[in-house]
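Below is one structure, written out as structure tokens; comments come after it.
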Amino acid sequence: MSSSQPFFASSPISPAAGRRRKSRFTYKHLAQLALSSNTCPLRVIAHIDLDAFYAQCEGVRLCIPEEQPLAVQQWQGLIAINYPARKFGLNRHITITEARKLCPDLIMQHVATWKEGDEKWAYHKDAFAHIATHKVSLDPYRLESRRILACIKDVLPAPPLQRVEKASVDEVFLDLSSQIHSILLERYPEISGPAPYDDPTEFLPRPPTTALDWNTDALVDLDSLETEDDDPDWDDIAILLGSEIVRSVRAAVRERLKYTCSAGIARNKMIAKLGSAHKKPNQQTIVRNRAVQQFMGGFKFTKIRNLGGKLGDEVVNKFGTDQVKELLAAPIEQLKSKLGDDTGTWVYHIIRGEDSSEVNARTQIKSMLSAKSFRPTINTSEQAVRWLRIFVADIQSRLVEEGVLENKRRPKVLSLHHRQGAQMRSRQASIPSGRPIDETLLFDIAKNLLGQIVIDGRAWPCSNLQLSVGGFEDGPTGNRGIGSFLVRGEEAKAMMPSTRDADGYEWGKENDEPDKRRKLDHGAIQHFFSRQESHEEELSDAQNADLEEADSLSPQDTGPAKQDEDESVITLDEMAGRSAGASFHQAPITTYFCDGCGKKFPMAVKEEHEDWHLARELQAKEKSIFSRSDPHRSASSSGSNKKSVVAKGSNGAMQKKMEKGQSRLAFGT
DNA sequence: GTGGATGAG
DNA sequence: CGCTCATCCAC
């Protein structure tokens, strides 16, 4: 909300009749460009947006022709619709039956899902039948997003000339200023020297008057007072270079990875983003500085980022319009008095196309969430605990992808959100540092947080649970070599049957002893988690059926109460430990040492552990699941038999393990 | 630091 | 819609 400006409102040199001798820009402005200064009037920002991203991912993965109408399904809804399908009037918020009616030829591919005990997400036929036991995974799209980002970074020059911000799974901002500065100096030696008299406020000479080739881009019309044959200035040259860079980035993404995207090129992030949405798909739009007024004037201001929600509604109500053009008439004092000083000032500038926000050179995420909405609701702690297992497996596998194993980054905080009716509650806890993160550790903490929420009361029926990690910290130096060495040392320590850390917390054992660091004592937890079997009959038929089906796949991981009639009190730890952990948590009698992990394991899990390594290696060799074609797909996911429950293993060995029900939690490495 | 609200896609 | 991600702010 800086009140720098208004550079573009007036020229330092009167645009009289005929040709100005000098540029409107100075040597100082040119120098600012090299630093990507957010106040530089020559600055060039691009926004790149993948077209119907999830749909494109599935199209690429399954080698579906691009003209084929294709939508991505999530349970009963559609979350992405490709452009051929949009011609049939399909949009989001449409049911799959309506969609099929409008476009009988439509392919609806369901997103990948997980269920309890799965090693990894997988694509399932008839996924909707498993809504009670599975959660969706958007991981395939995150992985593709990562490849595309890597491709973009690869075609751009090395940092700091390159500045890329990942704005979402399918969007990036590029600050092209530095790169363009270097191109300008190279191509136009006349401005590469020092300023005359060493005075940075000297105006630059004008660019050579060659007519610019704006190519095939959608070029936004000029403001009414400008004329098309007006001589170009350096901002025009710069933005045109920006457009050429973006064109080459898009071509690389297209040729190497088969994805189309749309882009906007402008002087700031806000306009670049409006630009990328202007013409889709597979097009790019240049919004020159002198076209900004014309471009902005045609929009509803509710299209501007941050004005799409309650704030936008508030402005509409207080000023009686949703048009940028009409709100321009409101004086800044009125905006400030009605919206507050800060917000009013921000709105005043933003509708004039002024946005000085930086492109943060950031491509890594700051938090990670795994969530599930329950329909119908869940009503018992043990159901919730089972979902925690799935969330933990999901998050752990994504942490592995983030490089947490190599100690590149690690989260500090784990939190659990819970919704009952309209009420949302959450609890969080720190993830102890100094030891590797694994599923057992995360599950242990998550389970404890659930206990806290449950004893606060009013936990059931629960309509939504979300487990997240955040507060990511960078590893020691970002240096992989020394980092992984240290981690291995820590891991070996943590794997010892009974190891206390500096705080006296005992690791390597399940928490069957009181623990001072917990906010709850086990007595309280036991009270609220006892006698779960009395709620069994409250499960819906669908849930019961699916739970039994899942249980039959993994005999040692059955729900607690049913088999143990002799126990009337089930602790959280027992519920947790009964599956994966069972052998893990007992002091092993014989152990073997895994060179790959640099740590000890119970001999009983040797075979499984080595299989797990093998599976991971095979998987790592595959650059992407999307590089494979999968011709055996049918036109829809409905109507198939319910027996296809076993996940596609990543190899035969894994598959066998899963059938035996032995493959549970992955042992942390 | 924690937990809730808002906003985007 | 359901599932993510990010930011802001009162406490």
Value in whole Å for how far the [atom2] atom of [N] lies from [atom1] of [X]:
X         : N      : atom1 : atom2 : result
Arg92(A)  : dA8(B) : CZ    : P     : 13 Å
Lys412(A) : dG1(B) : NZ    : C1'   : 10 Å
Leu50(A)  : dG9(B) : CG    : P     : 14 Å
Leu414(A) : dG1(B) : CG    : P     : 17 Å
Ile431(A) : dT2(B) : CD1   : P     : 11 Å
Lys303(A) : dG9(B) : NZ    : C1'   : 13 Å
Asp139(A) : dC3(C) : CG    : P     : 15 Å
Lys166(A) : dC5(C) : NZ    : P     : 9 Å

**Message:** Take a 6.0 Å sphere around NZ of Lys412(A) and say whether it holds more than 12 heavy atoms from other residues, nucleotides or ligands.
**Reply:**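 It does: Lys412(A) NZ has more than 12 such atoms within range.
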NA contact type, [X], heavy-atom cut-off 4.0 Å: base, sugar-phosphate, or nothing?
X         : result
Leu78(A)  : nothing
Lys273(A) : sugar-phosphate
Leu416(A) : nothing
Asp170(A) : sugar-phosphate
Gln76(A)  : nothing
Arg425(A) : sugar-phosphate

Quick one: is [N] close enough that its OP1 or OP2 comes under 4.0 Å of any side-chain N or O from [X]?
X         : N      : result
Ser168(A) : dT4(C) : no
Ser415(A) : dT2(B) : no
Arg375(A) : dC1(C) : no
Lys372(A) : dG2(C) : no
Arg398(A) : dC5(C) : yes
Lys310(A) : dT6(B) : yes
Gln428(A) : dG3(B) : yes

**Message:** Less than 4.0 angstrom from a charged side-chain N to a carboxylate O is my criterion; do Lys280(A) and Asp49(A) meet it?
**Reply:**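 Between Asp49(A) and Lys280(A) there is a salt bridge, with a charged N closer than 4.0 Å to a carboxylate O.
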**Glu98(A)/Lys101(A) ion pair, N-O < 4.0 Å** =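 No, this pair does not count.
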Between [options], which nucleotide gets closest to the side-chain atoms of [X]?
X         : options                : answer
Asn306(A) : dT4(C), dG7(B), dT7(C) : dG7(B)
Ser367(A) : dG2(C), dC5(C), dG4(B) : dC5(C)
Ser426(A) : dG4(B), dG9(B), dT7(C) : dG4(B)
Met368(A) : dC5(C), dC3(C), dT4(C) : dC5(C)
Lys366(A) : dT7(C), dG9(B), dG2(C) : dT7(C)
Ser370(A) : dG7(B), dG9(B), dT4(C) : dT4(C)

**Request:** Measure the acute angle between the ring planes of His418(A) and Trp460(A), then classify it against the limits of 30° and 60° as parallel, tilted or perpendicular.
**Result:**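 His418(A) and Trp460(A): perpendicular rings.
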**Message:** What I want to check is whether the side chains of Asp51(A) and Ser262(A) have a donor and an acceptor closer together than 3.5 Å.
**Reply:**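 Per modelled atom types, Asp51(A) and Ser262(A) side chains form a pair under 3.5 Å.
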**Message:** Assuming nearest nucleotide by heavy-atom distance, tell me which of Gln466(A) and Arg305(A) is located more 5' along DNA chain C.
**Reply:**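 This one resolves to Gln466(A).
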**Prompt:** If you pin Tyr54(A) and Gln364(A) to their nearest nucleotides in DNA chain C, which one's is more 5'?
**Reply:**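 The residue closer to the strand's 5' end, by nearest nucleotide, is Tyr54(A).
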**Request:** Report yes or no: does Lys269(A) contribute a side-chain atom to a donor-acceptor pair with the main-chain N or O of Phe173(A) at less than 3.5 Å?
**Result:**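 No, Lys269(A) side chain to Phe173(A) backbone: no donor-acceptor pair under 3.5 Å.
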**Message:** What I'd like to find out is whether the side chain of Tyr123(A) reaches to under 4.5 Å of the side chain of Arg61(A), using heavy atoms alone.
**Reply:**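 Counting from C-beta outward, Tyr123(A) and Arg61(A) do come under 4.5 Å.
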